[in-house]
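Reading through the structure tokens given below for one structure.
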Amino acid sequence: MAAGSSNYWEDLRKQARQLENELDLKLVSFSKLCTSYSHSNSREGRRDSSDTTPLLNGSSQDHMFETMAVEIEQLLTKLTGVNDKMAEYSSTAGVTSINAALMHTLQRHRDILQDYTHEFHKTKANFQAIREREDLLGSVRKDIESYKTGSGVNNRRTELFLKEHEHLRSSDRLIEETISIAMATKENMTSQRGLLKSIQSRMNTLANRFPAVNSLIQRINLRKRRDSLILGSVIGICTILLLLYAFH
């Protein structure tokens with residue numbers, strides 16, 4: 001029974017790790033899709049062409065977004081179910097020490113699930129906000145083109161409106177670039193976190209060894225200082241005896 005229970009727990013852990021790895025890859029791709037959507041729409045906004053290609057690109061990216069969102073939600077649901085099974089198993093474990101270790105492992109998997117869920121909802125909200133902003137700007141752009149076509153004149157008021165619209169587009173591009181840099185920085189910091197932990201443990205090990213090394217160096221210095229004093233005393237006494245012998 002103990003061996004069977006242990007195998008059941010290990011199977012659950014393997015399932016949780018596999019789902020966590022899949023979620024990590026999906027979330028990275030999801031975040032890149034959000035960034036590419038923003039940049040592609042920015043480039044399309046600067047083109048002076050027909051509306052057919054932008055609409056097709058936006059529709060394709062929207063479909064990819066919906067598909068990936070559904071896949072990530074399914075993975076999160078599966079991972080939640082595995083965590084619930086692990087919680088049920090840990091609550092029925094008989095040995096106190098083993099139960100404590102199981103609870104620690106379960107809490108770590110729950111924290112990972114919570115982080116992935118938070119990151120998914122945040123990226124999804126950012127994507128929807130960008131899409132709504134692009135839809136609004138696209139509507140404004142169509143209104144401008146319709147006005148220009150209908151009036152047939154490029155008066156001063158239209159020029160000012162177009163310049164203001166271009167300023168807004170430039171500000172949006174700067175914000176999007178800043179968001180991209182922040183997301184890249186977050187990925188780099190996440191990848192370096194493990195390396196920093198390893199370096200910290202090594203530094204702690206060296207720090208524990210330094211007191212013994214310092215003590216040895218101090219003993220060597222004291223011995224050198226003592227030998228120097230003895231040698232100086234012998235030389236001084238010999239010099240005094242030679243002087244006394246020379247004057248007598």
Side-chain angles (χ1 to χ4, degrees), residues 2-3 5-29 31-32 35 79 82-83 86-87 89-91 93-120 122-123 177-248:
S5 299
S6 177
N7 291 335
Y8 178 72
W9 174 257
E10 289 300 324
D11 290 340
L12 290 177
R13 288 191 63 189
K14 289 179 181 178
Q15 294 177 23
R17 286 194 295 267
Q18 182 178 0
L19 291 172
E20 288 167 359
N21 292 333
E22 292 180 8
L23 275 169
D24 187 67
L25 295 175
K26 289 286 186 182
L27 287 172
V28 171
S29 300
S31 178
K32 290 181 179 179
T35 304
L79 184 57
V82 173
N83 283 348
M86 294 172 70
Y89 176 82
S90 62
S91 64
V95 183
T96 304
S97 59
I98 296 179
N99 189 43
L102 297 182
M103 291 301 297
H104 176 73
T105 303
L106 175 60
Q107 185 60 40
R108 183 167 59 85
H109 286 291
R110 283 176 172 173
D111 292 340
I112 294 174
L113 173 60
Q114 184 178 3
D115 292 340
Y116 284 161
T117 303
H118 176 72
E119 183 176 354
F120 168 66
K122 182 179 179 181
T123 305
E177 291 175 359
T178 303
I179 293 174
S180 299
I181 293 172
M183 293 175 66
T185 303
K186 177 186 175 184
E187 292 179 0
N188 291 332
M189 292 180 66
T190 301
S191 63
Q192 292 176 5
R193 181 171 58 187
L195 179 61
L196 291 175
K197 288 183 179 179
S198 176
I199 293 174
Q200 184 179 5
S201 80
R202 292 181 183 179
M203 291 297 294
N204 291 333
T205 302
L206 291 176
N208 293 331
R209 292 179 180 176
F210 277 148
V213 175
N214 291 333
S215 178
L216 179 60
I217 293 174
Q218 289 178 359
R219 288 199 297 269
I220 293 173
N221 291 332
L222 289 175
R223 183 169 294 178
K224 286 183 179 180
R225 197 175 297 113
R226 184 188 64 186
D227 294 341
S228 298
L229 291 175
I230 293 174
L231 182 61
S233 300
V234 172
I235 293 173
I237 292 172
C238 291
T239 302
I240 293 173
L241 293 176
L242 289 174
L243 291 174
L244 293 174
Y245 177 78
F247 286 114
H248 285 81

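Only heavy atoms go into these numbers, but all of them, side chains included; no hydrogens, no water, no symmetry mates.
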Assess the residue pair Leu27 and Thr123 against the criterion (side-chain contact (heavy atoms from CB on, under 4.5 Å)); give the C-alpha distance rounded to whole Å, side-chain angles, the decisive distance to 0.1 Å, and a yes or no. CA-CA 8 Å; Leu27 287 172; Thr123 305; 5.7 Å; no
Intermediate values then yes/no, side-chain contact (heavy atoms from CB on, under 4.5 Å), Tyr116 and Asp24: CA-CA 8 Å; Tyr116 284 161; Asp24 187 67; 3.5 Å; yes
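Only one option out of Arg225, Arg226, Arg219 pairs with Arg223 in a side chain to side chain contact (heavy atoms under 4.5 Å, CB included); it is Arg226.
Distance check, rounded to the nearest 0.5 Å: CD of Gln18 to CD of Gln15 gives 8.0 Å. Within the model, atoms NE2 of His104 and CZ of Arg108 stand 6.5 Å from one another, a figure rounded to the nearest 0.5 Å. Put simply, NE2 on His109 and CG on Leu19 are 10.5 Å apart, with the number rounded to the nearest 0.5 Å. Between Ile112 atom CD1 and Arg17 atom CZ the span is 10.0 Å, to the nearest 0.5 Å. From Leu79, atom CG reaches atom CD of Glu20 across 5.5 Å, with rounding to the nearest 0.5 Å. Distance check: Lys224 NZ to Ile220 CD1 gives 7.0 Å after rounding to the nearest 0.5 Å.
The closest side-chain donor-acceptor pair between Asp111 and Gln107 falls under 3.5 angstrom.
A heavy-atom distance below 4.5 Å is found between the side chains of Thr105 and Trp9.
Remark: the backbone N or O of Ile235 is paired with a side-chain donor or acceptor of Thr239 at under 3.5 angstrom.
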